[in-house]
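This report concerns only the one structure given below.
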Amino acid sequence: MRVGILGGGQLGRMIALAGYPLGLRFTVLEPGEESSAGQVCTQISGEFDDYRALYELAKVSDVITFEFENVPVESARWLAERVPVFPPPRALEVSQERLTEKQFFASLGIPTPEFAAVNSREEFDAAVRKIGLPSVLKTRRFGYDGKGQAVLRTPADCEAAWTKLGGRPLILEAFVSFDRELSIIAVRSRCGEIASYPLIENVHRDGILHRSVVPAGNLGEELTERAAEYASRVLTELDYVGVLTIEWFQDGPRLLANEMAPRVHNSGHWTIDSAFTSQFENHLRAVCGLPLGRCDAVGHTAMYNFIGAVPEIAGVLANPDARLHTYGKSFRAGRKVGHVTMRAANAEELAEKLPEWDRQFERPQDVNGS
Ligand code: AMP
């Protein structure tokens, strides 16, 4: 089966690498000349709204998927008239706009931080009065890794944030002093079968994922089940096919949805080394109409992102617990260029080793990488 992927980043690369053992073949569409995924599969170079390039991709694909959520919905719909496209374009539409996304969660009874639409200065002032401070002002579109947002703690912050972000469609959210951030990765097959991975605990630095630990510790069974149940509501409502990620704030017993990604996710990279079936393989199994694989975790795992540059490879590999993944990308500050998965046999071993791994994979590389 021939799979077309919109987007040539590391997620596309890892999807392709997971698909070769299943006998799948891949073509990516990517605007640049060379890409991370293009190093391991055929690449068509073109913009995502270049219909000639989209047509070329459709011609060589039996099914099309995407590896990032800012694919133009129109392009996905146009392709879907020619070739099956999974996840459904509607999932892109919902997740590309933060207000639509929050309203969608609310319509399914999934709790979120309190929010209000902001389309003008008057609405901004009214939203601040309603939600109060601290709160977070965000652009509704094209925000990722903490970009396009400002935390408001004082009236002066409100002025500065309005100067920076005002004039675009915005959303104001209550600032949640969460205990921690969690994510769930779930998958739905073409015939409606649903499976989900254990909850993942995530730590961000400068708005970018730094570390994921799985299974997240100190979780009641009830919380895990609740997250999986919320995910299955989203999957079912969208008649979704493929992997979906939902990011959460845990605030005591409350689980609040922050955002969803209609794709494989950075917080699921550990699944390559430490799950029975990786998120990438399960995504492919779903979109290709194959049975899903088991999602259980093997051992206890921490995944660290490499931002800017990969540390010296021999040093990473010298640690017997390490599994290294590099993305074939050149150095650029703030860019995800690789990750390492560290696996312990059980929770006790993880607790013992985690501080040492944290020290080893602290992030000097984004400062002095070259
Ligand atoms: P986002 O781009 O919405 O995922 O936001 C990036 C990061 O900013 C999140 O992972 C949180 O660490 C933080 N953040 C976003 N929204 C809120 C909020 N309403 N309350 C507290 N922290 C937030």
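Quick caveat, the model's predicted, so the values are computed rather than measured. By convention here, the first residue in the shown sequence is residue 1.
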Sequence neighbours excluded, which residues qualify as ring-ring contact (aromatic ring centres under 6.0 Å, His included) partners of F48? F68
Which pairs, with at least one residue in residues 41-51 and sequence neighbours excluded, count as a salt bridge (charged side-chain N to carboxylate O under 4.0 Å, His left out)? none
Test of understanding: with ring-ring contact (aromatic ring centres under 6.0 Å, His included), list the residues that count as partners of Y55, not counting sequence neighbours. none
Counterpart residues, salt bridge (Lys or Arg N to Asp or Glu O under 4.0 Å), relative to E67 (two or more places apart): none
Sequence neighbours excluded - side chain to side chain donor-acceptor pair (under 3.5 Å) pairs with any residue from residues 11-24: R13-Q39
Hey, what else clusters with F178 if you join Ile, Leu, Val, Met, Phe, Trp, Tyr whenever side-chain heavy atoms sit under 4.5 Å? V176, F249, L256
Of all pairs that satisfy salt bridge (charged side-chain N to carboxylate O under 4.0 Å, His left out), the ones with a partner from residues 295-318, not counting sequence neighbours: R294-D296
Could you list all the salt bridge (charged side-chain N to carboxylate O under 4.0 Å, His left out) pairs where at least one residue sits in residues 154-170, not counting sequence neighbours? R121-E159
Does anything in residues 262-272 pair up under salt bridge (charged side-chain N to carboxylate O under 4.0 Å, His left out), and if so which pairs, sequence neighbours excluded? E69-R263
Solution key, residues 214-225 side-chain donor-acceptor pairs under 3.5 Å, sequence neighbours excluded:
{"from": "E222", "atom 1": "OE1", "to": "R226", "atom 2": "NH2", "distance (Å)": "2.8"}
{"from": "E222", "atom 1": "OE2", "to": "R226", "atom 2": "NE", "distance (Å)": "3.2"}
{"from": "T224", "atom 1": "OG1", "to": "G220", "atom 2": "O", "distance (Å)": "3.3"}

What ring pair (Phe, Tyr, Trp, His ring centres under 6.0 Å) pairs are there with at least one residue in residues 102-133, not counting sequence neighbours? F124-W162
Which Ile, Leu, Val, Met, Phe, Trp or Tyr residues join V151 in one cluster when any pair of side-chain heavy atoms under 4.5 Å counts as a link? V136, F175
